[in-house]
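Structure first, commentary second.
Read the numbers this way: they start at 1 and go in the same order the structure lists the ligands and their atoms. Along the sequence shown, residues are numbered consecutively beginning with 1.
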Amino acid sequence: MADMGGSISKILFTEEQIKNRIKEIGMQITEDYKGENLTVIGILKGAFIFAADLVRQIKLPVTVDFIAVSSYGSATQSSGEVKIIKDLDISVKDKNLLLVEDIVDTGLTLKYLLENLKSRGPAGIKTCVLLDKPQARKVEVPINYKGFTIDNVFVVGYGLDYDQKFRNLPYIACLKKEVVGKSRE
Ligand code: PRP
């Protein structure tokens, strides 16, 4: 087991559950974008695994790009200030964009990126989020495709980290309290 020496307290979504849900979302996106151009933008780092699996379930020609952002904050809490560390390589003017995010917590990252990308003149922007944590929301953001809704718990795995670790877990899980420490819940 790749759970890093017994740090996991509970598996929320198994590899199988994630795979099945992504298949469904991919089918829906394939249906919705039939005959149109589609540019998938993965938000690094967290969405790198989700984006990789999702695009393989979209049965259309897609353009893929990544944008890397970082929020200035502690290891487990977003401060709301977002900085673009690596911008897109391509122009998104007149393109149909699908922003792919691993998790929406406060909503601040997605809100910032939606505004930033809208200013570049795309044909449209939709969002695809694997995990929605509505209880943590500070600003409303549109979620067009959603994997799962979760409670206000700190999760790792499948791209999501704690202190840059656990991203490689194939499932989504909660960490034991003693691992996360007192800064969280
Ligand atoms: C996480 C996650 C989202 C963001 C969500 O990224 O990947 O981008 O936080 O939080 P919010 O809704 O409160 O803005 P993080 O800043 O941890 O960077 P990472 O993707 O590199 O792990």
Inset, instruction - Mind checking whether D102 contacts ligand 1 via backbone (N, CA, C, O), side chain (CB onward), both or neither, at a 4.0 Å heavy-atom cut-off? - result: side chain
Inset, instruction - Return the option from I43, V141, D105, I85 holding the heavy atom at the smallest distance from atom 10 (O) of ligand 1. - result: D105
Inset, instruction - Pick whichever of K133, K111, E101 has a heavy atom sitting closest to atom 8 (O) of ligand 1. - result: E101
Legend entry - Close-contact set for ligand 1 against L108 heavy atoms, below 4.0 Å: 12 (O), 14 (O)
Inset, instruction - Please indicate whether K23 has more than 12 foreign heavy atoms, meaning atoms of other residues, nucleotides or ligands, lying under 6.0 Å from its NZ. - result: no
Inset, instruction - Quick one: look at R167 and ligand 1, take heavy-atom pairs under 4.0 Å, and tell me if it's side chain, backbone, both or neither. - result: side chain
Legend entry - 4.0 Å heavy-atom contact, L44 with ligand 1: yes
Inset, instruction - Look at atom NZ of K59 and say whether more than 12 heavy atoms of other residues, nucleotides or ligands are closer to it than 6.0 Å. - result: yes
Inset, instruction - Give the ring-plane orientation class for F148 versus F13, where under 30° counts as parallel, over 60° as perpendicular and anything between as tilted. - result: parallel
Legend entry - Any N or O of T109 closer than 3.5 Å to N or O of ligand 1: yes
Legend entry - Atom indices of ligand 1 within 4.0 angstrom of T106 heavy atoms, with elements: 11 (P), 12 (O), 13 (O), 14 (O)
Legend entry - Salt-bridge present (R21, E24; N to O < 4.0 Å): yes
Legend entry - 4.0 Å heavy-atom contact, G107 with ligand 1: yes
For residues 46-57, which side-chain N or O atoms pair as donor and acceptor with protein atoms under 3.5 Å away, sequence neighbours left out?
from : atom 1 : to   : atom 2 : distance (Å)
D53  : OD1    : R56  : NH2    : 2.8
D53  : OD2    : Y158 : OH     : 2.6
R56  : NE     : A52  : O      : 3.0

Inset, instruction - Look only at interatomic distance and state if I103 has a nitrogen or oxygen under 3.5 Å from any nitrogen or oxygen of ligand 1. - result: no
Inset, instruction - Take atom NZ of K111 as the centre, draw a 6.0 Å sphere, and report whether it contains more than 12 heavy atoms from other residues, nucleotides or ligands. - result: no
Legend entry - Sidechain N-carboxylate O distance under 4.0 Å for D102, K45: no
